[in-house]
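Heads up: the structure comes next, in structure tokens.
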Amino acid sequence: MKIKNRLSLYFTAVSAFVLLIVQVVICITFNSLLKSDFYDHLMDRANVAAQLYLEADEISADSLSHVRERYLQPLPDEVVRLYDDKNAASFIKDKNQFWTSPVINAVRRGKQMEFAEGNRHTVGIYYNDNQGNFVILVSAIDLQGNKRIRDLIVTMSILLLSVTAGLFIISRWFAQKALEPIDKVISQMRRVRAGSLNLRVDEGNGKDEISALAHNFNQLLEHLENAFELQQTFVINASHELRTPITTIIGEIEISLNKLRTNAEYEQVLQSVLTDAERLNETITSLLELAHVDMNYTQPAFKPVAIDELIWELNDYWAEKAGKGLFNVKILHLPADHERLQVDANKSLLTIALNNIIGNAFKFSGNKRVQCDLYADENRITIKITDIGIGIMPAELDKVFNSFYRGTNVKGYHGNGIGLYVTNKIINLFNGTITLSSIPGSSTSVIIQFTR
């Protein structure tokens, strides 16, 4: 069953149940009022009977006529009895003793009683007169009241069915309107395929659960798109990058085998093969790194990583690799709460990303000094790595993040253009941003920022 139908049924059922309770209370209250009113009529009939039979000799003719007029219209199936001290019927013949002695005595003791006998309602009063002490009992069936109750129940039933049907239609319309954004999200989700992971669903402008669902789905698509892109890049570029040096090596060996060469020529060929082999080894290393990133990217183990501790670990590593004093760490500002220095990330991937940047800084500056600045406050963490190197051309600042792209001024440097591509993917995975600023021939600064 669809959610909109389920919501409509739940709302209608609850509303109908509440309405039913209200109607039951109304019917019970109305029935109680009718019974009370009917008992009042019966009590009035008992008093009239007392005046008619017992006070006739004490009141005037006009008063007696008025009493008789009030007594002329009997209630439905009315029974009136007057019983003396011996519980014998007086004034009105009673062959079968309509009420038993226990009932008569109970009225005598209680002076006044109201009770029901099946569908009959009865009142009894104890009346003291100069002719003696009498118990007057009047009973009748409230046909009009019963009819009113039946009419009320029928009306309430029709109203309940009508209101329930109306509530279902209205709630169904409201549920459809409320869940319409979900239908739109679902229709947009259906267009997403393996070949169109760049599509995104509309998150809307709201702050509700539907917007949160669309946002999380878009994040999932972004991760999947990056993972697929990494896999495709690995497959496509591995075949391309590995073919070139292997082809060169094969060609050079075939040429050298065509005829005998001098030792100098063989040495030259071997040197060329060694160069191509080193290039091949570097390419394989980069592709393996890319494969490692791909594997961790699709199933990253997110844990809190203390950025300051990671920076000092990198400082120790590069102090040993590049030389002491060449990699300088400067702490600009740190928050009082150490947890503000933590980022939910994969430490292994984040280390690869920062090492790629630092390695490029040393490589393209001729192993000159590299500066690392760390700034952190309550809202953001900023890492700035600056070198004194050849810089990047302004038109190429955005292109260097493409896979296997190399700048026009790095022809004399070893590399394959994978490092910054992988770094950018890793930083984006951890909801960070990476930007470049460069002065060609002077310096390059890489700024990484994590915002809370």
Using every non-hydrogen atom in the two residues, find where T433 and I427 come nearest and quote the distance to one decimal. N-CG2, 3.7 Å
R380 and Y375: CA distance, side-chain angles, deciding distance, side chain to side chain contact (heavy atoms under 4.5 Å, CB included) verdict: CA-CA 8 Å; R380 69 183 187 276; Y375 175 92; 3.7 Å; yes
Backbone of L420 reached by a side-chain donor or acceptor of N424 within 3.5 Å: no
With a cut-off of 6.0 Å (strictly less than), are more than 12 heavy atoms of other residues, nucleotides or ligands near CD of E313? yes
Name all residues meeting the side chain to side chain donor-acceptor pair (under 3.5 Å) criterion together with S365; count only those two or more places apart in sequence or in a different chain, and write none if there are none. none
SG/C372 to CG/N315 distance, rounded to the nearest 0.5 angstrom? 8.5 Å
Go through the steps for V79 and W99 under the test side chain to side chain contact (heavy atoms under 4.5 Å, CB included), then give the verdict. CA-CA 10 Å; V79 176; W99 279 282; 3.9 Å; yes
With Q371, which residues qualify under side chain to side chain donor-acceptor pair (under 3.5 Å), at least two apart? N328, R369, D373
Mind checking what makes side-chain contact (heavy atoms from CB on, under 4.5 Å) contact with I158, not counting sequence neighbours? V154, S162
Run the side-chain contact (heavy atoms from CB on, under 4.5 Å) test against Y10 and tell me which residues pass, sequence neighbours left out. R6
Shortest non-hydrogen pair, A140 vs E78, comes out as CB-CA, 4.0 Å
For F134, side-chain contact (heavy atoms from CB on, under 4.5 Å) partners two or more places apart: L54, D84, S90, F91, Q131
Looking at A116, is its backbone amide N or carbonyl O close enough to the side chain of H121 to form a donor-acceptor pair, meaning the two atoms are under 3.5 Å apart? no
Exercise answer: donor-acceptor pairs, residues 32-42 side-chain atoms, under 3.5 Å, sequence neighbours excluded:
unit_1: D37; atom_1: OD2; unit_2: H41; atom_2: NE2; d: 3.4
unit_1: Y39; atom_1: OH; unit_2: F115; atom_2: O; d: 3.3

Sub-3.5 Å donor-acceptor pair from the side chain of N47 to the main-chain atoms of M43, do we have one? yes
For W318 and N355, test the side chains for any donor-to-acceptor distance below 3.5 angstrom and give the result as yes or no. yes
Over all atoms of both residues, closest heavy-atom pair of T122 and S139: OG1-OG, 3.2 Å
Can you tell me how far CG of L436 sits from OG of S445, rounded to the nearest 0.5 angstrom? 9.0 Å
Check for a donor-acceptor pair, side chain of T382 on one end and backbone N or O of I448 on the other, with a separation under 3.5 Å. no
Step through the shown structure and confirm whether more than 12 heavy atoms of other residues, nucleotides or ligands are within 6.0 Å of CG on D398. no
Tell me if the CD atom of E339 is crowded by more than 12 foreign heavy atoms within 6.0 Å. no
Trace of the salt bridge (charged side-chain N to carboxylate O under 4.0 Å, His left out) decision for R148 with D142: CA-CA 10 Å; R148 289 178 179 177; D142 190 8; over 6 Å; no
Looking only at atom types and distance, does a side-chain atom of N31 sit under 3.5 Å from a main-chain N or O of C27, one as donor and one as acceptor? no
Using atom types as modelled and distance alone, determine if a side-chain donor or acceptor of Q23 lies under 3.5 Å from a backbone N or O of M156. yes
Check for a donor-acceptor pair, side chain of S171 on one end and backbone N or O of L167 on the other, with a separation under 3.5 Å. yes
Between CG of D344 and CZ of F430, what distance do you get to the nearest 0.5 Å? 10.0 Å
Decide side chain to side chain contact (heavy atoms under 4.5 Å, CB included) for K321 and F327; before the verdict, give the C-alpha distance in whole Å, the side-chain angles of both, and the deciding distance to 0.1 Å. CA-CA 10 Å; K321 183 175 181 178; F327 184 71; over 6 Å; no
Taking atom types as modelled, is there a side-chain donor on N133 or R108 under 3.5 Å from an acceptor on the other? no
